[in-house]
Amino acid sequence: MTNQPDPLDNLPAGDGTPREGLPPAPETVEFDFPLVSGRSREDLEAYGLNMVDDYRDFKQEVLSWLGSYGKHPEKGQGLAQSTLQSTHYKLEIVFRWLRSSSVVRHAIEGTVPLSFAAGSIVSEMGNGTL
C-alpha cells in the first residue's frame with residue numbers, strides 16, 4: 001500500500017490575516033460539563049500531566065468551533081449545547097478506545113492496515129465493547 005499525497009500540501013501557507021469568506025476564529029464557549037472526564041484524566045496522567053492539558057485544549061478548540069460554526073459555518077451558526085455535550089461524550093469514547101487499542105498502535109506502526117483498525121472500531125461499537 002502506498003501513501004497518497006496530502007491534498008493540504010498544495011495549499012499556500014497563511015500569514016494569519018483573515019481571508020474573505022472565511023469565518024473568524026470562534027470565541028471560547030463556556031461548557032456546563034467537564035471537558036476531560038475523570039476516567040480520561042486517569043488514563044492520560046499515565047502519559048504525563050501535559051497530556052491532560054493538551055487533551056483539554058484540543059476538546060476546548062473542537063467544541064468551541066462546533067458551538068460557533070458547527071451547524072452552518074457560512075452563516076456562523078453553531079450547534080446547541082445538548083449536541084455539544086453529546087459530541088463530547090462520543091469523543092471521550094473514541095479517544096478512550098484509541099488509548100487502549102493495540103490494533104490502533106499496530107496501524108500507527110504500519111503492521112496492520114488502517115482500514116482494519118477502522119473496522120475494529122465499528123465492530124467494537126456494535127458489540128458494545130467500546
Side-chain angles (χ1 to χ4, degrees):
M1 181 174 154
T2 60
N3 290 332
Q4 299 295 319
D6 186 347
L8 299 178
D9 287 341
N10 298 328
L11 292 176
D15 60 1
T17 58
R19 296 185 191 166
E20 189 174 322
L22 293 178
E27 296 292 324
T28 301
V29 176
E30 295 296 322
F31 302 103
D32 58 356
F33 51 87
L35 291 176
V36 180
S37 70
R39 183 170 169 187
S40 288
R41 177 178 297 281
E42 290 174 15
D43 292 347
L44 291 168
E45 283 175 349
Y47 295 103
L49 286 176
N50 289 343
M51 291 297 291
V52 175
D53 294 337
D54 290 346
Y55 182 62
R56 182 185 313 102
D57 292 346
F58 162 75
K59 293 275 290 283
Q60 178 76 39
E61 287 180 35
V62 168
L63 294 174
S64 290
W65 188 91
L66 290 171
S68 299
Y69 303 112
K71 186 173 183 180
H72 293 290
E74 301 83 18
K75 297 179 182 179
Q77 295 177 349
L79 298 174
Q81 186 74 11
S82 60
T83 306
L84 292 175
Q85 189 166 2
S86 174
T87 302
H88 155 73
Y89 174 73
K90 292 172 186 173
L91 285 171
E92 285 285 311
I93 291 172
V94 169
F95 278 98
R96 186 176 304 136
W97 181 84
L98 287 172
R99 288 189 297 270
S100 68
S101 174
S102 62
V103 174
V104 172
R105 283 193 292 277
H106 290 299
I108 292 169
E109 294 166 0
T111 58
V112 170
L114 190 56
S115 59
F116 178 78
S120 294
I121 291 173
V122 172
S123 174
E124 290 185 24
M125 289 180 82
N127 295 335
T129 58
L130 181 59

Any sub-3.5 Å donor-acceptor pair from H88's side-chain atoms to F33's backbone N or O? no
Within the 3.5 Å criterion, strictly below it, is a donor on E92 or Y55 matched to an acceptor on the partner's side chain? yes
Flag, side chain of T83 to backbone of L79, donor-acceptor distance under 3.5 Å: no
To the nearest 0.5 Å, what is the distance between CD on Q60 and CG on D53? 12.5 Å
Run the side chain to side chain contact (heavy atoms under 4.5 Å, CB included) test on E45 and M51 for me, step by step, so that the C-alpha distance in whole Å, both residues' side-chain angles and the decisive distance to 0.1 Å come before the verdict. CA-CA 7 Å; E45 283 175 349; M51 291 297 291; over 6 Å; no
Heavy atoms only: give me the nearest T87-L66 pair and the separation to one decimal. CG2-CD1, 3.9 Å
Are any non-hydrogen side-chain atoms of L63 and V29 less than 4.5 angstrom apart? no
Measure the shortest side-chain to side-chain distance between F58 and V62 over non-hydrogen atoms and say whether it is less than 4.5 angstrom. yes
Is the number of heavy atoms from other residues, nucleotides or ligands within 6.0 Å of OH (Y89) greater than 12? no
Is the shortest heavy-atom distance from the side chain of K59 to the side chain of F31 under 4.5 Å? no
So R56 and E61, do their side chains get closer than 4.5 Å, heavy atoms only? no
Answer with yes or no whether the side chains of S40 and S37 bring together a donor and an acceptor at under 3.5 Å. yes
State, with a plain yes or no, whether a side-chain heavy atom of V94 is found less than 4.5 Å away from one of K90. no
